[in-house]
Amino acid sequence: MKARMLLMIFLLSGEATIAQKKLTNCVGMDFVLIKPGTIVIGEFKPPYPVPDDTVKSLPHDYMMWMGDGRGYNEAEFRLAKEMALQASKEGFLFQLSKPFYMATTEVTQGQWKKVMGNNPSQFKGLAGADSLPVENVSWDEAQAFIKKLNRLEKHKGYRLPTEVEWEYAARAGAKNDIPWKEIEASANLNKKTPMAVASKKPNAWGLYDMLGNVWEWVDDYYNERLFADREPPSKGNQHVLKGASFVGDVKNATYMTHAGGPGNGWDVGFRIVKDAEDQDD
Amino acid sequence: MIKLINTLLFFFASLGCAHAQLLSGFESLSNGKDLNQWHTSRTSHQGTVGNFFVENGAITLKQYPYGQGGVLLTNKKFKDFELYVEVKIDSFCNGGIFIRSTESGQAYQIELAMPGGTGSLFGEAMQISKSAEAIEIGKVWKANDWNSFRVRMVGEIPTITLWINGVFMWEVTQPQNDFTAGAVEGMIGLQSHWSALYQPIPGGFNMPGAWRPGAAHRFRNIAIKEL
């Protein structure tokens with residue numbers, strides 16, 4: 001193990017005690033070990049309105065957006081149901097066979113500066129900027145950071161997560177997409193600036209800001225479809241972005257959102273993973 | 001000259017031409033054939049795929065797949081400009097014209113929603129300081145037909161003016177530039193609203209009233225003049 005520090009922490013989960021390995025690297029980035037498992041990608045079951053449903057519980061602003069009440073006629077109810085069921089997809093089961101370490105936070109401006117010696121961020125002038133996520137970085141620039149970090153630690157273990165790895169880690173075992181209350185507890189959304197990483201609640205596997213704060217580049221090329229395919233494209237013009245940003249909302253700051261570059265720039269960053277070694281299996 | 005240009009544009013519009021001739025100083029943003037001057041936002045909360053195409057000479061926005069809207073953006077950014085566009089919208093659908101939009105669709109927005117707030121000035125995915133309402137729209141609006149919008153946006157702290165079917169609706173000067181990171185230019189965007197989540201989610205709600213199944217917003221004779 002070439003990392004400077006290896007810690008074992010013990011989390012109580014029901015009656016079982018689970019060991020979660022952690023490590024910290026040469027520029028102070030914390031990682032947790034993500035163990036193999038399965039994930040369903042792209043399970044699309046869009047809800048549709050039914051005649052006895054009600055919208056009375058919606059906040060006033062949303063009522064306004066929806067126009068003068070719902071007012072669907074019978075034919076529209078039927079069509080909505082038909083279109084929703086036609087569009088529904090079971091998704092596909094994906095088996096992750098290898099463990100990996102995932103950074104508990106997005107790469108910060110401070111960490112970027114230590115590795116790269118510069119700071120491309122739009123929000124570098126804010127107080128405490130070293131703890132804000134680095135942003136305004138392209139996918140290629142993220143790769144340059146990773147290359148240099150690997151060189152610093154003299155190995156090839158750091159890389160961007162694949163989209164499946166990212167979503168598996170973001171879900172932390174959750175089968176369905178994330179409830180809105182959990183989004184609000186864990187994600188920096190509807191703001192004018194990013195906030196210091198790890199300011200909000202982590203997910204069940206100790207990962208912060210998987211949703212909100214900044215969009216995160218993943219390794220895969222973007223397929224220009226609603227969800228990932230089992231095999232990502234072998235080439236493309238853009239790469240996939242996950243997790244939405246501080247200008248996002250509960251609609252797109254979910255595990256499932258499969259977005260593509262370039263995004264706004266000033267709300268696009270990344271986090272990294274590190275290949276686990278044999279003893280971590 | 002601007003008055004003359006607008007008069008001519010309105011003349012073409014009144015003839016019901018699908019393709020108005022391009023006038024001096026204005027740059028066409030719709031060729032009636034394809035979306036080569038446009039692209040889809042891949043990071044909008046409205047949806048990342050969109051269902052955007054040209055039909056009968058008009059840029060047409062629908063949802064795809066069910067419940068997912070999206071934002072269609074010009075490839076080019078504009079700072080100070082006058083935009084002319086003819087719009088035909090199905091009822092009970094929430095869309096809008098975005099001005100100085102970011103790639104993810106943060107923008108000042110001219111609302112398109114009938115019944116509802118067509119012609120209102122709102123923020124899309126951002127708070128704006130000052131909104132506006134087209135109180136007089138009822139006097140000029142042609143239901144289920146083409147209606148022309150002329151939108152002027154000038155200044156780093158923007159002043160925005162709206163005319164519908166050639167009639168002045170409002171002018172608003174914001175007390176500040178509301179854009180994240182202080183952007184002073186951006187894209188023109190056309191929006192179709194989302195109406196359903198990916199899955200039923202505890203605590204989440206859907207917005208079926210925001211877009212009728214199979215409905216469309218249509219746009220033609222889009223032209224812009226940089227000021």
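Throughout, protein chains are lettered first and strands after them, A, B, ... in sequence-line order, and every chain is numbered starting at 1.
If you measure heavy-atom distances from B:Ser44 to chain A, the contacts under 4.5 Å come from the backbone alone. Contact annotation for A:Thr257: both backbone and side-chain heavy atoms come within less than 4.5 Å of a heavy atom of chain B. Looking at B:Gln106, only its side chain comes within 4.5 Å of chain A, counting heavy atoms on both sides. The contact between A:Leu226 and chain B is made by backbone and side chain atoms together, counting heavy-atom distances below 4.5 Å. Only the backbone of A:Ile178 comes within contact range of chain B, judged by heavy atoms closer than 4.5 Å. Interface residue B:Gln46: only backbone heavy atoms are found under 4.5 Å from chain A. With a threshold of 4.5 angstrom between heavy atoms, A:Asp177 approaches chain B through its backbone and through its side chain. Looking at A:Glu224, both its backbone and its side chain come within 4.5 Å of chain B, counting heavy atoms on both sides.
Between chain A and the options B:Gln199, B:Met126, B:Met114, B:Gln63, the largest number of non-hydrogen pairs under 4.5 Å is found for B:Gln199. For the set B:Ser104, B:Ala181, B:Ala196, the count of heavy-atom pairs under 4.5 angstrom toward chain A peaks at B:Ser104. Considering only heavy-atom pairs separated by less than 4.5 Å from chain B, the leading option among A:Asn176, A:Asp249, A:Leu85 is A:Asp249. Annotation: maximal heavy-atom pairing with chain A below 4.5 Å, among B:Pro65, B:Gly204, B:Cys93, occurs at B:Gly204. If you tally non-hydrogen atom pairs under 4.5 Å between each of A:Arg225, A:Lys181, A:Glu43 and chain B, the highest count goes to A:Glu43. Ranked by non-hydrogen atom pairs under 4.5 Å with chain B, the options A:Gly261, A:Gly260, A:Ala253 are led by A:Gly260.
Side-chain contact between A:Trp180 and B:Phe205 is present, with at least one heavy-atom pair separated by less than 4.5 Å.
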Quick one, B:Ser129 with B:Asp178, criterion side chain to side chain donor-acceptor pair (under 3.5 Å). Give me CA distance, side-chain angles, the key distance, then yes/no. CA-CA 7 Å; B:Ser129 301; B:Asp178 295 305; 2.6 Å; yes
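A cation-pi contact, defined as under 6.0 Å to the ring centre and within 45° of the axis, links A:Lys251 to B:Tyr198.
A donor-acceptor pair shorter than 3.5 Å cannot be found between the side chains of B:Glu133 and B:Ser120. Side-chain atoms of A:Ser121 and A:Asn119 form a donor-acceptor pair, as typed in the model, at a separation below 3.5 Å.
Side chain of B:Arg220 to backbone of B:Lys88: no donor-acceptor contact under 3.5 angstrom is found.
A search for side-chain contact (heavy atoms from CB on, under 4.5 Å) contacts involving B:Asn144 returns B:Ser91, not counting sequence neighbours.
The residue from A:Phe227, A:Tyr222, A:Trp215 that alone fulfils the ring pair (Phe, Tyr, Trp, His ring centres under 6.0 Å) condition with A:His258 is A:Tyr222.
To the nearest 0.5 Å, the span separating CG on A:Asp229 from CG on A:Asn223 amounts to 4.5 Å.
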